[in-house]
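To start, the structure itself, in structure tokens.
Since this is a predicted model, take the numbers as computed values, not measurements. One-based numbering, in listed order, for ligands and for the atoms of each.
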Amino acid sequence: MTARGSASPIVVGIETSCDETAVAFVRGRELLSDVVASSVNEHARFGGVVPEVASRAHVEALTQTLAAAREQAGLEWSDIDAIAVTAGPGLVGALLVGVSAAQGLALALQRPIYGVNHLAAHVAVDRLVHGELPQPAVALLVSGGHTSLLRVDDVTADVTPLGQTLDDAAGEAFDKVARLLGLPFPGGPSIDARAREGDPVSIDFPRGLTHAGDDERHRHDFSFSGVKTAVSRWIRARERSGEPVPLADVAASFQESVVDVLSAKAIRACRDEGIEHLIVGGGVAANSRLRAVIEHRAYAHGIDVRIPPPSLCTDNGAMVASLGAALVERGRPTSSLGLPADSSLPVTQITLR
Ligand code: KG4
Ligand code: ZN
């Protein structure tokens, strides 16, 4: 039960860990509003997110984003039961903008604050789309900074890492390969679009950590720096030979390598754990080929797969509000009003006190 006596708490979620300033309101599992202001265009010419530019953009956008989300939800500030904010992991200067704003709201409204884990929030967002999360579930978390397989017994309290990337995150690999191909930042959506015109089996790029010895030692781990280097070498060899680089074929073949490994290892983790529910989250879960291949393979193995719509895979406030509402509903402890931000918050720590 909430302070207002309702079983479905109204929670505002604030997300500023990277380049999206995002605010959303939920009532329990119902999404009331979702507003995202991105500074991605300000970073594009640098080919990656510039921390100082991101922090400044959050400061400039947050007040308006909060106001727009509240208005879209048709609520008064006094209607809300709790404030949830991403406390980590992410860029520390960027995180602090959201955390400070959330502290201000909590103080002014005299409501509890929950500093939440961005990675757990990428999983928790699916509650808003497909209903309460199945327990236990395996989660494949694929974003710009993280790639891991998790066993989720309770997204508000009990998340166990099964494996993770040993080098680049999947999204980072998309961004770096896009840069090699001269495609705009962020690379994921650019490669996804170009790959549609290409042949995914035209170039046989390596599948990281899938060969016998490696695969045994690193059963649930990933590595994407090898495929990135292979793409770079392939392009250089092609340029030296004077032949044109077939952009769409390189994009499609690279994407196929990443998608093949992610989907195969995710399905296998479910089978190893004896779990028949897979949740996919994070920006790379917006990838059209990953969505199609995972759904196809999961179906073939009798695994139920949940992937939120693309707009809820890339960073947003709904994910933070969703995890916040789950924390309130399950009576989890709140954070202190003076909670810090932790740029390297581990995935096992779902809230920061
Ligand atoms: O979760 P997210 O929005 O931010 C982080 O928490 O990192 O993920 C951003 C990453 C970027 O690397 C971006 O290129 C990738 O997600 N991404 C995609 C697609 N849309 C975004 N990767 C592949 N295909 C997409 N359609
Ligand atoms: Zn993210």
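A salt bridge is absent between D79 and R111; no separation between the charged side-chain nitrogens and carboxylate oxygens falls under 4.0 Å. The existence of a salt bridge linking E132 and R330 is confirmed by a sub-4.0 Å separation between a basic side-chain nitrogen and an acidic carboxylate oxygen. Using a 4.0 Å cut-off between charged nitrogen and carboxylate oxygen, R127 and E329 count as a salt-bridge pair.
Of the listed options G144, A195, A193, P310, G144 places a heavy atom closest to atom 9 (C) of ligand 1.
Not a single N or O atom of E20, backbone or side chain, sits closer than 3.5 Å to an N or O atom of ligand 1. Residue S288 has no N or O atom closer than 3.5 Å to an N or O atom of ligand 1. Considering backbone and side-chain atoms alike, N287 places an N or O below 3.5 Å from some N or O of ligand 1.
Of all atoms in ligand 1, numbered sequentially from 1 with element shown, those under 4.0 Å from a heavy atom of H118 are 6 (O). Within ligand 1, the atoms closer than 4.0 Å to a non-hydrogen atom of G171 are 12 (O), numbered from 1 in the order shown. Counting the atoms of ligand 1 from 1 in the order shown, those under 4.0 Å from a heavy atom of G145 are 7 (O). The H122 neighbourhood of ligand 1 comprises atoms 1 (O), 6 (O), with distances under 4.0 Å to a heavy atom of that residue.
Nearest N, O or S atom of D315 to the Zn ion (ligand 2): atom OD1.
For the residue pair S263 and R297, a side-chain donor N or O sits within less than 3.5 Å of a side-chain acceptor on the partner.
Of all protein heavy atoms, the one closest to atom 4 (O) of ligand 1 is D315 OD2, 3.1 Å. The single protein non-hydrogen atom nearest to atom 22 (N) of ligand 1 is G188 CA, 3.2 Å, given as residue, atom name and distance.
Using bins of under 30°, 30° to 60° and over 60° for the plane-to-plane angle, the ring pair F205/W234 lands in the perpendicular bin.
Among the backbone and side-chain atoms of H118, an N, O or S atom lies under 2.8 Å from the Zn ion (ligand 2).
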